[in-house]
Amino acid sequence: MSLAEPAALPVAASVPTRLNILMRFTARFRASLPAYLLLLPSLIFLALFTYGAMGRVVIDALYQRATPKAPLRFVGLDNIAAVLADPAFTGAVTNNAIYAVGTATPSIGLALLFALALARTNVVTSALRAALFLPVLIPMVAASALFLFIFLPNVGLLDYYIGRLLPVLPNWLGDPDIALYAIMIITIWKNAGYYMLFFLAGLQAVPEDVMEAAHLDGAGPLMRLRYIILPELKPTFLFVTVIATLNAVTQVDHVFVMTKGGPSNATNLVLFYIYQQAVEHYDIGMASAATLLTLAALMALTALSFRTMATREGGP
């Protein structure tokens, strides 16, 4: 009997241990219940209009409809294969990649330049910050209408001021070689002030004592920028780059207003391609498949960006 008693002790001890775990879990749940109740409306909204919509897109990508009134037909991954084989989609992806690089790089560069120039807070810099941020408040449709007037051939403001300098006036929105670059201008103009706010916030985290010590040691503005300011702004650069990439994919209002994807699909972006498939061609399966591919690419790019930044911060 004395040999059997020690074997029974762990079983007897496990009962209060499980009971304690259950009691701690119950206490934590009761303590956090008010927070979950406050979050419940937002969670319901996300479930219905975000995750529910994503689930519907996944389902629609697996089916095909020959006509608007025809029954659905399960096709599996055929829609995704058809989208990948569509030259219009590959062209839209190429345009979007050029558009993303051509808008994000100048916008971020200008935003950093503006933030460095307006880092000191006074009456003049506050007014300049407000002026640079003003384009953000203008709706993209209204801004597109404004730039449509600026780009009008022969009578637009741009041709009026540079017409005396060029022998032949270009058709800014009608030439396939320059139309995409023309619509980049409106995006840069509109987003540079928005990204400036993030860099202004990031500059507040730069240690003043380190900047003063570097100045006393003889470090010039460029050296302080390279070795102190830019390393401190790495998280800000990452965040702004991700935001700029998302904007390059999701902002398509100016394409609707100014070019409709033309001329010759030169300004056809991925989101406008999805619109064409869903609304003009009524091919919900193709549109959903293109949406899934776009979301997967954006999620992979975002995860890679954050992983790269985490690796650099954790490295030697």
Side-chain angles (χ1 to χ4, degrees), residues 25 28-86 88-90 92-93 95-97 99-100 104 136 139-141 187 191 194 238-257 260-261 268-307:
F25 175 79
R28 291 178 182 176
F29 178 77
R30 289 178 179 176
S32 58
L33 183 59
Y36 285 115
L37 291 177
L38 292 174
L39 290 173
L40 186 60
S42 298
L43 294 176
I44 293 175
F45 183 87
L46 286 174
L48 291 177
F49 298 102
T50 301
Y51 302 119
M54 291 177 62
R56 179 60 186 271
V57 168
V58 173
I59 295 174
D60 288 340
L62 301 177
Y63 289 86
Q64 186 61 269
R65 191 193 299 265
T67 62
K69 296 183 179 180
L72 291 175
R73 180 172 58 89
F74 181 78
V75 295
L77 300 179
D78 289 351
N79 285 326
I80 296 178
V83 168
L84 293 176
D86 188 1
F89 178 75
T90 55
V93 171
N95 291 338
N96 229 138
Y99 176 79
V136 182
M140 180 61 86
V141 174
T187 305
N191 291 337
Y194 177 56
L238 171 64
F239 179 78
V240 173
T241 301
V242 173
I243 294 297
T245 304
L246 293 176
N247 285 337
V249 177
T250 58
Q251 286 183 346
V252 75
D253 303 27
H254 51 323
V255 176
F256 279 94
V257 175
K260 295 291 190 299
N268 190 13
L269 304 182
V270 173
L271 194 58
F272 191 78
Y273 171 86
I274 295 173
Y275 163 81
Q276 287 179 318
Q277 297 299 321
V279 178
E280 296 180 2
H281 304 155
Y282 202 80
D283 195 336
I284 305 299
M286 290 277 287
S288 300
T291 303
L292 282 182
L293 291 173
T294 304
L295 288 175
L298 289 177
M299 292 176 65
L301 180 62
T302 304
L304 179 62
S305 300
F306 281 103
R307 182 179 179 85

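Predicted model, so just to flag it, every value in this text is computed and none were measured.
- Remark: Ala88 engages Asp86, Tyr273 in a side chain to side chain contact (heavy atoms under 4.5 Å, CB included) (not counting sequence neighbours).
- A 4.5 Å side-chain heavy-atom check between Gln251 and Met140 finds at least one atom pair inside the cut-off.
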Could you pull out all donor-acceptor pairs under 3.5 Å where a side-chain atom in residues 31-51 meets a protein atom, sequence neighbours excluded?
unit_1 : atom_1 : unit_2 : atom_2 : d
Ser32  : OG     : Arg28  : O      : 2.9
Ser32  : OG     : Phe29  : O      : 3.3

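- Looking at residues two or more places apart in sequence or on another chain, you find a side chain to side chain contact (heavy atoms under 4.5 Å, CB included) between Val252 and Val255, Phe256, Leu271, Phe272.
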Donor-acceptor contacts under 3.5 Å from residues 74-81 side chains, at least two apart:
unit_1 : atom_1 : unit_2 : atom_2 : d
Asn79  : OD1    : Gln64  : NE2    : 2.8
Asn79  : ND2    : Ala61  : O      : 2.9
Asn79  : ND2    : Tyr63  : O      : 2.8

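- Tyr99 meets the side-chain hydrogen bond (donor to acceptor under 3.5 Å, both in side chains) test with Thr187, His254; sequence neighbours excluded.
- Applying the side chain to side chain contact (heavy atoms under 4.5 Å, CB included) rule to Ala278 yields the partners Ile284, Ala287; only residues at least two apart in sequence or on another chain are considered.
- Applying the salt bridge (charged side-chain N to carboxylate O under 4.0 Å, His left out) test to pairs two or more places apart or on separate chains, none has a residue in residues 279-291.
- With sequence neighbours excluded, the residues forming a side chain to side chain contact (heavy atoms under 4.5 Å, CB included) with Thr294 are Val249, Val270, Ile274, Leu298, listed by chain and number.
- Asp60 meets the salt bridge (charged side-chain N to carboxylate O under 4.0 Å, His left out) test with Arg56; sequence neighbours excluded.
- Evaluation of the side-chain hydrogen bond (donor to acceptor under 3.5 Å, both in side chains) rule for Asp253 yields no partner, not counting sequence neighbours.
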